[in-house]
Amino acid sequence: MIVLGIESSCDDTACAIVEDGKIVHAALLSSQIDTHKEYDGVVPEIAARMHLEAIFPLMQTVLEKAGMKLKDIDTVAVTNRPGLVGSLLVGVGVAKGIAYALGKPIIAVDHIAAHFYSVQLTNETPFPHIGLLVSGGHTILCKITSPYEYELIGTTLDDAVGEAYDKVSKHLGLGYPGGPVIDRLASEGDPKSIRYPISMLDEKNKYNFSYSGLKTAVVYQTEQFLKEGYTATNENIAASFQRSAIDVLYRKTKKLTEETGIKHVSISGGVAANSHLRTTFSESEDFTAYIPERRFTTDNAAMVAGVGYHMAKDNLYSEINIDCSSRVIAKKKRGK
Ligand code: KG4
Ligand code: ZN
């Protein structure tokens, strides 16, 4: 089954053609980062307009790359939640147009489920497994029960982990997005030079996350946590911040694997590209970690097409009047 995947939930326009949820014939992305850089973050109105400009040429190129025509597509899968509503509407509108004009079925895909599925593009992860989603918008711990179903266990109470990277970077004057530059600087700093707090929270929030304290500590209290004999260089700040930011992800994930007895963990989202995270999780002796290839960690449409394939196989097609929503749903069940 050939699925055309469309993704436009934030600031990346993406189209992909994937066969049977696994064979990626073509997957392309048009990133808006250079535009949003000027504002140190994503401007929703600009994002929506840029999706509109990018989506048709991108789809044309994806079809050419895959050596296919629109009529070769069996199903159209599109992200309809969660995300920026103006951005989602562009992808959903285009998907509806294609489905209606060609008489093909359409499937609404949850962006969180799609991120979790990105791991399956290059791995075979047994179900159920624990899913950790770490991106600019989300820090989520889930139990994943199928290629498109998950149960939300923990989420962020304030800033997402990627957002904390971006804000620390902004504070240090290193620009947007912050993740890659902090990651690079961290490799030249000493992670033990500044003892920033690790926010484990109380028992009630044992699987939730909070990054605003760490961010505040970096911005306002670095001197207070600086260990004797060290200087607060950008490299040391980056390395120490990164240690605290990633440690809490590891500790909470480990705790959940112990409590559930599920020892397989998938990690997805933009922050899954982080070198310290990749090493820490993949070297774990507490559980087996599955991490997507770096190109599938950020928003992409191959993961959307992958989820679409499995939903189609289970006959979970959508009506043509799909709605968009900014909200995360707590429990992603069959076809809901
Ligand atoms: O998944 P993504 O592309 O977009 C969504 O938020 O949905 O994630 C983007 C986030 C940004 O906050 C960026 O700073 C972060 O991922 N990021 C990283 C790295 N590369 C990207 N964070 C830490 N280390 C990286 N190497
Ligand atoms: Zn995303």
Side-chain angles (χ1 to χ4, degrees), residues 5-14 27 29-33 36-37 39-42 44 47 51 78-84 87-88 91 109-119 131-140 142 155-156 159-172 174-187 189 191 209 211 214-215 218 238-239 241-250 266-281 291-304 306-307 326 328:
I6 300 177
E7 157 65 44
S8 68
S9 65
C10 188
D11 60 340
D12 293 311
T13 322
L29 186 100
S30 168
S31 169
Q32 305 176 1
I33 278 183
H36 298 295
K37 246 181 190 159
Y39 308 93
D40 284 321
V42 177
H51 283 304
V78 60
T79 305
N80 78 321
R81 71 181 303 154
L84 301 170
S87 290
L88 288 165
V109 171
D110 179 288
H111 186 69
I112 307 291
H115 268 300
F116 286 137
Y117 188 84
S118 66
V119 183
L132 174 68
L133 170 58
V134 280
S135 69
H138 306 285
T139 316
I140 285 180
C142 283
T155 185
T156 184
D159 294 348
V161 56
E163 198 178 347
Y165 268 89
D166 295 336
K167 287 180 175 167
V168 166
S169 172
K170 184 176 177 182
H171 165 70
L172 297 176
L174 301 170
Y176 173 85
V181 59
I182 302 262
D183 194 359
R184 200 167 54 246
L185 278 182
S187 65
F209 299 91
Y211 278 97
L214 174 59
K215 177 197 69 189
V218 174
F241 158 76
Q242 177 154 289
R243 186 168 85 133
S244 289
I246 304 298
D247 255 30
V248 69
L249 296 173
Y250 186 84
S266 73
I267 305 108
S268 47
V271 183
N274 183 267
S275 345
H276 180 52
L277 179 146
R278 293 178 88 90
T279 319
T280 311
F281 278 78
I291 311 179
E293 279 180 15
R294 272 199 164 83
R295 68 187 170 125
F296 294 134
T297 55
T298 65
D299 288 347
N300 67 85
M303 63 187 191
V304 178
V307 170
S326 60
V328 177

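Along the sequence shown, the residues carry numbers beginning at 1. Just follow the structure's listing: the first ligand is 1, and inside any ligand the first atom is 1. This structure is a prediction, so every number in the text was calculated from the model and none was measured.
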Student: Near G178, which atoms of ligand 1 are under 4.0 Å from a heavy atom of that residue?
Tutor: 14 (O)

Student: Counting only heavy atoms, which portion of V271 has something under 4.0 Å from ligand 1: side chain, backbone, both, or neither?
Tutor: both

Student: Within this structure, what is the OG-CG distance for the pair S30 and D11, rounded to the nearest 0.5 Å?
Tutor: 10.0 Å

Student: Could you work out, with ring-ring contact (aromatic ring centres under 6.0 Å, His included) as the rule, every residue matching H51, not counting sequence neighbours?
Tutor: none

Student: Looking only at the side chains, is there a donor atom on one of S9 and E7 sitting less than 3.5 Å from an acceptor on the other?
Tutor: yes

Student: What are the two closest heavy atoms between K167 and K215, and how far apart are they?
Tutor: CD-CD, 3.5 Å

Student: Please check if the side chain of T139 supplies one atom and the backbone of T156 the other of a donor-acceptor pair under 3.5 Å.
Tutor: no

Student: Quick one: list whatever passes ring-ring contact (aromatic ring centres under 6.0 Å, His included) with H138, sequence neighbours left out.
Tutor: none

Student: Verify, without hydrogens or angle tests, whether S169 (side chain) and Y176 (backbone) share a donor-acceptor contact under 3.5 angstrom.
Tutor: no

Student: Test your reading of the structure: does P177 have an N or O sitting under 3.5 Å from an N or O of ligand 1?
Tutor: no

Student: Of A164, G270, A245, which has the heavy atom at the shortest distance from atom 17 (N) of ligand 1?
Tutor: G270

Student: Run the numbers for me: atoms of ligand 1, each under 4.0 Å from some heavy atom of G162, listed by number.
Tutor: 12 (O)

Student: For ligand 1, is there an atom lying under 4.0 Å from some heavy atom of C10?
Tutor: no

Student: If only atom types and distance count, is the side chain of S135 paired as donor or acceptor with the main-chain N or O of G269 below 3.5 Å?
Tutor: no

Student: Backbone or side chain, does any N or O of Y165 fall under 3.5 Å from an N or O of ligand 1?
Tutor: no

Student: Can you list the ligand 1 atoms lying under 4.0 Å from a non-hydrogen atom of G137?
Tutor: 6 (O)

Student: What protein N/O/S atoms sit under 2.8 Å from the Zn ion (ligand 2), by chain and number?
Tutor: H111 NE2, H115 NE2, D299 OD1

Student: For ligand 1, is any non-hydrogen atom under 4.0 Å from D183's backbone (N, CA, C, O), its side chain (CB onward), both, or neither?
Tutor: side chain

Student: Using a 3.5 Å distance criterion without hydrogens, assess whether the side chain of D183 forms a donor-acceptor pair with backbone atoms of G179.
Tutor: no

Student: Using a strict 4.0 Å cut-off to heavy atoms of A273, name the atoms of ligand 1 that fall inside it.
Tutor: 26 (N)

Student: Give the residue and atom name of whichever protein heavy atom lies nearest to atom 11 (C) of ligand 1, and the separation in Å to one decimal.
Tutor: D166 OD2, 3.6 Å

Student: Mark yes or no for whether S268, through its side chain, and L133, through its backbone, hold a donor-acceptor pair below 3.5 Å.
Tutor: no

Student: Can you tell me which portion of H115 lies within the under-4.0 Å heavy-atom range of ligand 1? Options are side chain, backbone, both, or neither.
Tutor: side chain

Student: How many angstroms lie between CD1 in I112 and CZ in R81, if you round to the nearest 0.5 Å?
Tutor: 9.5 Å

Student: To check your reading of the model: name the closest protein heavy atom to atom 10 (C) of ligand 1, its residue, and the distance in Å.
Tutor: G136 N, 3.5 Å

Student: Do any N or O atoms from the side chain of T297 and from the backbone of A272 form a donor-acceptor pair under 3.5 angstrom?
Tutor: no

Student: For G179 and ligand 1, does the shortest N/O to N/O distance drop below 3.5 Å?
Tutor: yes

Student: Which atoms of ligand 1 have any heavy atom of T298 under 4.0 Å away?
Tutor: 3 (O)

Student: Name the closest protein heavy atom to atom 24 (N) of ligand 1, giving the residue it belongs to and the distance to 0.1 Å.
Tutor: N274 ND2, 2.9 Å

Student: Quick one: does any side-chain atom of N300 pair with a main-chain N or O of T298 as donor and acceptor, under 3.5 Å?
Tutor: yes

Student: With a cut-off of 3.5 Å and sequence neighbours excluded, list every side-chain donor-acceptor pair involving residues 241-250.
Tutor:
{"from": "Q242", "atom 1": "OE1", "to": "Y165", "atom 2": "OH", "distance (Å)": "2.9"}
{"from": "Q242", "atom 1": "OE1", "to": "N274", "atom 2": "ND2", "distance (Å)": "2.9"}
{"from": "R243", "atom 1": "NE", "to": "P191", "atom 2": "O", "distance (Å)": "3.4"}
{"from": "S244", "atom 1": "OG", "to": "Y196", "atom 2": "O", "distance (Å)": "3.2"}
{"from": "Y250", "atom 1": "OH", "to": "S284", "atom 2": "OG", "distance (Å)": "2.7"}
{"from": "Y250", "atom 1": "OH", "to": "D286", "atom 2": "OD2", "distance (Å)": "2.6"}

